[in-house]
Amino acid sequence: MSKVRLRFAPSPTGALHIGGVRTALYNYLLAKQAGGKFILRIEDTDQTRYVPGAEAYIIEALEWCGLRPDEGPGFGGNYGPYRQSDRKALYEKYAQQLLDSGHAFYAFDTPEELDARREQEKEVGNHNFRYDPTTRHSMRNSEALGAAETQRLLDAGTPYTVRLKIPTDEIVKIQDLVRGEVQFQSNELDDRVLLKTDRMPTYHLANIVDDHLMEITHVIRGEEWLPSTAHHVLLYRAFGWEDTMPAFAHLPLIMKPTGKGKLSKRDGAKLGIPVFPLSWQGETEAESFVGFREAGFDPRAVLNFLALLGWNPGTEQEIFDLEGLIEAFSIEKIGKGGARFDYDKARWFNQQYIMHTPDADLVTTLKPLLAEKGVHQDDAFLLAFVALMKERATVYGDFWEQGYYFFQEVTTYDTKAVKKKWQAERVPLFEQLRASLLALGDTGVPEIEATVKNFLEVNGLGFGDVFPILRVAITGTTKGPAIYDVMALLGAEEVDRRLAKGYAVFNAL
RNA sequence: GGUCCGUUCGUCUAGGGGUCAGGACGCUAGGUUUUCAUCCUGGUAACACGGGUUCAAAUCCCGUACGGACUACCA
């Protein structure tokens, strides 16, 4: 068997959907596992849907995920060009080949005529008009018009499309790697357009020509392509390429978190969750979306989550890095049913990655985020901060959200827990504690702890009488890392300032 | 409507003739912790339905229901 080559072939019509990322991932995994190539091909044959920036977005998204193509636009490779608009002439040539061999025909029907015909059929109760062997002869095409008339129209420069001539009474069998054998009756298939009036190919033609020329061995794509796979098989046959036809695997779709249907970009905005890898700035607010990256996710967690959405290793292991996925992945273990997008699970994966990432690495990724907030502490401080917060963060943004007080004054005080503990007669006591803490100077946790405990003993107070006060005065919240750790990191003078301010706030309650 | 695909706890799933139907997320009870989080222990909860085949069916077959995709000169 020759070397394995898989391609990810997105269309640059906007931001790359998270399902597309999963498709890319599965392609990547299988390619790498087999020691083969992972190829990026841009399917931009629909000029009306082309969106500037979409291709750059796709590439940036793959890069963020760490799925680097071995071949593709900007990545080199000997099978280029890798952008279909740059291969236009090729498709015309192959369309001509099909025309010559009698596997395709010229169709002169305009879109308006086609629409009119559909309407007309609808009126007589036929809701599924199809351009196929049974209707072909009533349309304006080379099959119905004959050679002479066809030539006349061609000579006159009449716009035309090239359609695949579907054979009658054939059974097209597909061996799908995920679903097993799937059969189609050719009589149920339509004479699909191969080459459009603008001389650009449709997906169907381009995809077969390119996969053949690029020597693609496996086509892993979304389930939405399953119904047209019969056409693709027929195309391989028509070209005489059936013996090198790639293997097909159709992936189950990713479904909405709630309700019915497949996950759409609208679901993200509706539920306030990311469904794209990276943020996308559209023309309007409604066409702009936040990405997993901007939502504070680690790409490794996103990949891990995506990998397990529709695939499982057959063991109880859930945490996989890319290398581990490459090793464990197998196409047989891909599920058949659609998988609901579970944002909570995605968050859990992210939390796992944050907890298990070395502190120094966390500092590196957090630095730019903190810098945006005006934080420029040295690494030693950041390292200590990260160590205290990593078990409490689910997304990267949590480090700031839940730990801003390490870098600036407390903005809001959760006084509920303090109210009943803050008694007028104890205020002198707390002032005394503040003074002894300041006198201690910058020091370690054991010293602070000893001082506080001593204070507790001497004054006959319990933990519950003091900790909420210290905690809220210093951090503003009742949650967070051990307060001694926070105090040690902040330093005696800062703690003193915060206690003074906190006491003032409590006194005003 | 037609064609094709699918259906195990709320969710992701294991399991492919004989299992107490397993794990994870979530939720929940408790323990640890000055708090929160982590961590530990326990609980909750599923084979869509109906027929077959078989000594035995979540597992094989057929229907039904439900869900999904496709049905463009879009991918």
Side-chain angles (χ1 to χ4, degrees), chain A residues 9-13 43-46 48-49 84 107 109-111 114-115 118 125-131 159-163 174 176 178-179 182-185 187-190 192-204 206-207 221-230 250 252-253 255 257-258 260-262 305 308-319 333 335-349 351 355 388-394 398 402 417 449 452 456 462-468 470-472 475 477-484:
Chain A
S11 193
T13 55
E43 309 229 331
D44 57 346
T45 56
D46 186 350
T48 64
R49 293 211 306 161
Q84 291 185 326
D109 319 85
T110 64
L114 255 14
D115 284 344
R118 282 193 194 94
N126 178 11
H127 287 262
N128 49 328
F129 167 75
R130 225 171 20 212
Y131 206 123
Y160 64 88
T161 62
V162 174
R163 283 180 183 266
I174 296 157
D176 188 273
V178 171
R179 285 150 220 285
V182 181
Q183 292 192 3
F184 293 90
Q185 281 286 337
N187 295 357
E188 303 287 349
L189 272 25
D190 64 329
R192 208 152 279 195
V193 170
L194 262 21
L195 203 64
K196 299 180 269 189
T197 317
D198 64 1
R199 296 296 193 98
M200 281 294 245
T202 57
Y203 171 86
H204 309 291
N207 154 68
R221 64 203 341 180
E223 190 183 10
E224 69 266 28
W225 293 109
L226 190 52
S228 47
T229 306
H250 289 94
L253 267 17
M255 314 302 281
T258 58
K260 299 174 177 183
K262 70 170 175 178
F305 164 65
L308 275 289
L309 208 56
W311 170 82
N312 79 85
T315 66
E316 283 174 4
Q317 184 180 349
E318 296 219 72
I319 303 296
K333 288 279 183 191
K336 294 177 175 55
R340 211 177 267 275
F341 185 83
D342 183 358
Y343 188 60
D344 279 333
K345 194 77 180 251
R347 284 171 56 82
W348 177 78
F349 273 112
Q351 184 186 37
M355 276 193 304
L388 292 181
M389 293 301 293
K390 68 193 286 191
E391 281 185 355
R392 279 159 256 265
T394 301
D398 288 343
Q402 296 173 20
E449 186 174 357
V452 174
L456 254 35
F463 285 120
D465 297 322
V466 175
F467 280 97
L470 284 180
R471 180 173 287 286
V472 175
T475 70
T477 167
T478 56
K479 304 172 178 181
I483 196 64
Y484 298 133

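First the proteins, then the strands, lettered A, B, ... as listed; each starts at 1.
Within 4.0 Å (heavy atoms only), A:P252 reaches no atom of the nucleic acid at all. Among the atoms of the strands shown, none is found under 4.0 Å from any heavy atom of A:L194. A:N207 comes within 4.0 angstrom of nothing in the nucleic acid, heavy atoms only. Residue contacts shown for A:G310 are limited to sugar-phosphate atoms, with no base heavy atom under 4.0 Å away. At a threshold of 4.0 angstrom between heavy atoms, the contacts of A:T161 include nucleobase atoms, whether or not backbone atoms are also involved. Nucleic acid contact class of A:M389 (heavy atoms, under 4.0 Å, all strands): none. A:P201 comes within contact range of the sugar-phosphate backbone alone, with a heavy-atom separation under 4.0 Å but no base atom that close. Among the heavy atoms of the strands, none lies under 4.0 Å from A:Q185. Counting any heavy atom pair closer than 4.0 Å across all strands shown, A:R471 reaches a base atom. Using a 4.0 Å heavy-atom criterion, one finds that A:G261 contacts the sugar-phosphate atoms exclusively.
One P atom belongs to B:G26, the other to B:G17, and the distance between them is 34 Å to the nearest Å. Only the P atoms considered, B:G42 is 33 Å distant from B:C60, to the nearest whole Å. Taking atom C1' on both nucleotides, B:U19 is separated from B:A65 by 29 Å, rounded to a whole Å. Comparing the C1' positions of B:U54 and B:C61 gives a spacing of 12 Å, expressed to the nearest Å. On the C1' atoms, B:U44 is 8 Å away from B:C27, given to the nearest whole Å. Taking the C1' atom of each, B:A46 and B:U7 are spaced 12 Å apart, rounded to whole Å. To the nearest whole angstrom, the two C1' atoms, one in B:G2 and one in B:U8, are 31 Å apart. Rounded to a whole angstrom, the distance from the C1' atom of B:G10 to that of B:A48 is 16 Å.
Nearest-nucleotide positions on RNA chain B for A:A482 and A:E316 put A:E316 closer to the 5' end. RNA chain B is contacted by both A:D46 and A:G480; A:G480 maps to the nucleotide lying nearer its 5′ end (nearest heavy atom per residue).
Checked by atom type, the side-chain pair A:D109/A:Y131 shows a donor-acceptor distance below 3.5 Å.
Taking atom NZ of A:K390 as the reference point, atom P of B:C36 lies 22 Å away to the nearest angstrom. Rounding to whole angstrom units, CD of residue A:E224 and C1' of B:A69 are separated by 8 Å. Between the P atom of B:C73 and the CE atom of A:M200 lies a distance of 17 Å, rounded to the nearest Å. Remark: P of B:G2 and CD of A:E188 are 11 Å apart, rounded to the nearest angstrom. Rounded to an integer number of Å, the gap from A:E318 CD to B:A14 C1' is 11 Å. Atoms CH2 (A:W225) and C1' (B:G68) sit 17 Å apart, rounded to a whole Å. Between the CG atom of A:D190 and the C1' atom of B:C74 there is a distance of 14 Å, rounded to whole Å. Atom CG in A:L253 sits roughly 7 Å away from atom P in B:C70 (whole-Å rounding).
Figure legend. B:C49 is base-paired to B:G63; pairs are counted as Watson-Crick or G-U wobble with both atom distances under 3.5 Å. Pairing of B:A56, defined by two Watson-Crick or G-U wobble distances under 3.5 Å, is not identified with any nucleotide. For B:C9, there is no paired nucleotide, since no Watson-Crick or G-U wobble pair has both relevant distances below 3.5 Å. When both distances must be under 3.5 Å, the Watson-Crick or G-U wobble mate of B:A14 does not exist. Partner assigned to B:A69 is B:U3, using Watson-Crick or G-U wobble distances below 3.5 angstrom.
Picking from B:C12, B:U71, B:U3 the nucleotide with the shortest atom distance to the side chain of A:F184 gives B:U3. Minimum atom distance to the side chain of A:K262 is reached by B:C70, of the listed B:C70, B:G26, B:C12. For A:M255, taking side-chain heavy atoms from C-beta onward, the closest of the listed nucleotides B:A75, B:G68, B:U35 is B:G68. Comparing atom distances between the A:N128 side chain and each of B:G2, B:U71, B:C4 picks out B:G2 as nearest. Here the side chain of A:W348 is nearest to one of B:A24, B:G68, B:A75, namely B:A24.
A:R163 has a side-chain polar atom (N or O) that falls below the 4.0 Å cut-off from OP1 or OP2 of B:C73. When the side-chain nitrogen and oxygen atoms of A:K479 are compared with OP1 and OP2 of B:U35, none of them lie within a distance under 4.0 Å. Put simply, A:Q351 has a side-chain N or O that comes within less than 4.0 Å of OP1 or OP2 on B:U38. Look at A:K333 and you'll find a side-chain N or O under 4.0 angstrom from OP1 or OP2 of B:G15. Between B:A14 and A:N312, a contact under 4.0 Å exists linking OP1 or OP2 to a side-chain N or O. Under 4.0 angstrom from either OP1 or OP2 of B:A75 there lies at least one side-chain N or O belonging to A:T45.
Considering every non-hydrogen atom in both A:A230 and A:I174, the closest pair reads N-CD1, 3.8 Å. Of all the heavy atoms in A:N207 and A:R221, the pair that sits closest is ND2-NH2, 3.6 Å.
Ring geometry, A:Y343 versus A:F341: the interplanar angle falls under 30°, so the pair is classed parallel (tilted spans 30 to 60°). The aromatic rings of A:F305 and A:F349 sit tilted, their planes meeting at an angle between 30° and 60°.
A donor-acceptor contact under 3.5 Å is formed by the side chain of A:T197 with the base of B:C73. A donor-acceptor contact under 3.5 Å links the side chain of A:R392 to the base of B:C36. One donor-acceptor pair, N or O on each side, does fall under 3.5 Å between the base of B:A24 and the side chain of A:K345. The base of B:C12 lies outside donor-acceptor range of the side chain of A:R340, with no N or O pair under 3.5 Å.
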Verify side-chain contact (heavy atoms from CB on, under 4.5 Å) between A:R130 and A:E188, making sure each step is shown before the conclusion. CA-CA 9 Å; A:R130 225 171 20 212; A:E188 303 287 349; 3.7 Å; yes
Can you list the steps and then say if A:D176 with A:L226 is a side-chain contact (heavy atoms from CB on, under 4.5 Å)? CA-CA 9 Å; A:D176 188 273; A:L226 190 52; 4.2 Å; yes
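Atom OG1 of A:T478 is separated from atom CZ of A:R471 by 7.5 Å, given to the nearest 0.5 angstrom.
A salt bridge is defined here as a Lys NZ or Arg NE, NH1 or NH2 lying under 4.0 Å from an Asp or Glu carboxylate O, and A:E224 with A:K262 fails to meet this definition. The residues A:D342 and A:K345 are annotated as not salt-bridged, no charged nitrogen and carboxylate oxygen being separated by less than 4.0 angstrom.
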